[in-house]
Amino acid sequence: MMDIQLASLFASGAFIIIGLFAAIFIDNLIKKIIGIAFIEEGVNLFLICLGFKAGGVVPIFLPGMTADWFAANAAYPLPQALVLTSIVIGASTLAVMLALAMVLYRKHGTLSVSEMMGDEK
């Protein structure tokens, strides 16, 4: 059976690859934005995988714990803080990208990037 951390690393890689494919090769602007969101979530999952510790405890120092035991058994808290910050920033940038997509749709009447750029065939 596959380890949960290894499975999560494979899933984060899949998110990043799918997001890169969508952002580079798909012509629809909304689908490109969704691809960028996939890349962001893949990176967040990767960071969480880095902080995972099998059998670890929540990184909160409680009464009765010794410092040595806590240091040996607590999960690494920095990736958790980075991902929490990344989620907040990602939600706001996603909202801005969608607002810009609405403006571009009103201006050009299409969501096709190639038509907006004038590459019609």
Side-chain angles (χ1 to χ4, degrees):
M1 186 164 157
M2 187 182 294
D3 182 44
I4 188 75
Q5 187 174 17
L6 185 60
S8 297
L9 286 171
F10 282 137
S12 69
F15 278 154
I16 292 170
I17 290 170
I18 291 168
L20 282 172
F21 176 81
I24 294 171
F25 295 113
I26 295 180
D27 191 43
N28 189 308
L29 188 60
I30 298 295
K31 292 178 182 177
K32 284 183 180 288
I33 292 171
I34 291 171
I36 291 169
F38 264 58
I39 295 169
E40 175 195 357
E41 296 308 319
V43 171
N44 287 344
L45 182 58
F46 178 74
L47 287 173
I48 288 295
C49 288
L50 291 180
F52 175 78
K53 182 181 239 180
V57 296
V58 178
I60 300 173
F61 192 75
L62 298 174
M65 291 182 178
T66 64
D68 292 334
W69 185 88
F70 179 75
N73 293 313
Y76 192 47
L78 182 63
Q80 296 173 10
L82 291 174
V83 168
L84 184 61
T85 305
S86 174
I87 289 170
V88 172
I89 293 170
S92 60
T93 56
L94 182 63
V96 170
M97 286 189 289
L98 290 172
L100 288 173
M102 288 173 50
V103 169
L104 288 171
Y105 180 76
R106 287 186 186 140
K107 181 177 180 182
H108 296 284
T110 184
L111 288 173
S112 172
V113 175
S114 61
E115 288 182 26
M116 286 183 203
M117 300 299 286
D119 296 338
E120 301 153 31
K121 295 179 182 177

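Using a 4.5 Å cut-off between side-chain heavy atoms of Ile, Leu, Val, Met, Phe, Trp and Tyr, with links allowed through other members, I48 and I87 fall into the same hydrophobic cluster. Linking Ile, Leu, Val, Met, Phe, Trp and Tyr whenever their side-chain heavy atoms come within less than 4.5 Å leaves F38 and L20 in two separate clusters. Taking hydrophobic clusters as Ile, Leu, Val, Met, Phe, Trp and Tyr residues chained together by side-chain heavy-atom distances below 4.5 Å, L45 does not share a cluster with F52. Residues L94 and I30 share a single hydrophobic cluster, defined by chaining ILVMFWY side chains whose heavy atoms lie under 4.5 Å apart. In the hydrophobic clustering of ILVMFWY residues, with side-chain heavy atoms under 4.5 Å counting as a link, Y105 and M97 come out together.
With rounding to the nearest 0.5 angstrom, the OG1 atom of T110 is 4.0 Å from the CD atom of E115. The line from OG1 of T66 to CG of N73 is 9.0 Å long, rounded to the nearest 0.5 Å. Rounded to the nearest 0.5 angstrom, F25 CZ and K31 NZ are separated by 16.0 Å. Atom CG in N44 sits 10.0 Å away from atom OG1 in T85 (nearest 0.5 Å).
The number of heavy-atom neighbours closer than 6.0 Å to CD1 of I4, taken from other residues, nucleotides and ligands shown, is 12 or below.
Using modelled atom types, one side-chain atom of T93 and one backbone atom of I89 make a donor-acceptor pair closer than 3.5 Å.
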> Where do F46 and L9 land on the side chain to side chain contact (heavy atoms under 4.5 Å, CB included) test, with the steps shown first?
Replying inline: CA-CA 6 Å; F46 178 74; L9 286 171; 3.5 Å; yes
>> The test is side chain to side chain contact (heavy atoms under 4.5 Å, CB included); show your working for L104 and L111 and say whether it passes.
In response: CA-CA 8 Å; L104 288 171; L111 288 173; over 6 Å; no
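With side-chain heavy atoms closer than 4.5 Å counting as contact, directly or through intermediates, the hydrophobic cluster containing L62 also holds V57, V58, I60, F61, M65, W69, F70.
The two residues Q80 and P59 make their nearest non-hydrogen contact at OE1-CG, 4.0 Å. Taking both residues in full, the closest heavy atoms of S114 and D27 are given as N-OD1, 3.0 Å, listed atom of the first, atom of the second, then distance. Here the shortest heavy-atom pairing between P79 and L47 reads CB-O, 3.1 Å.
Contact of the M116 side chain with the L29 side chain is registered, since non-hydrogen atoms from C-beta on lie closer than 4.5 Å. For the pair F15/I39, no side-chain contact is recorded, criterion being any heavy-atom separation below 4.5 Å from C-beta on. Counting only heavy atoms from C-beta outward, the side chains of V43 and V83 never approach each other to under 4.5 Å.
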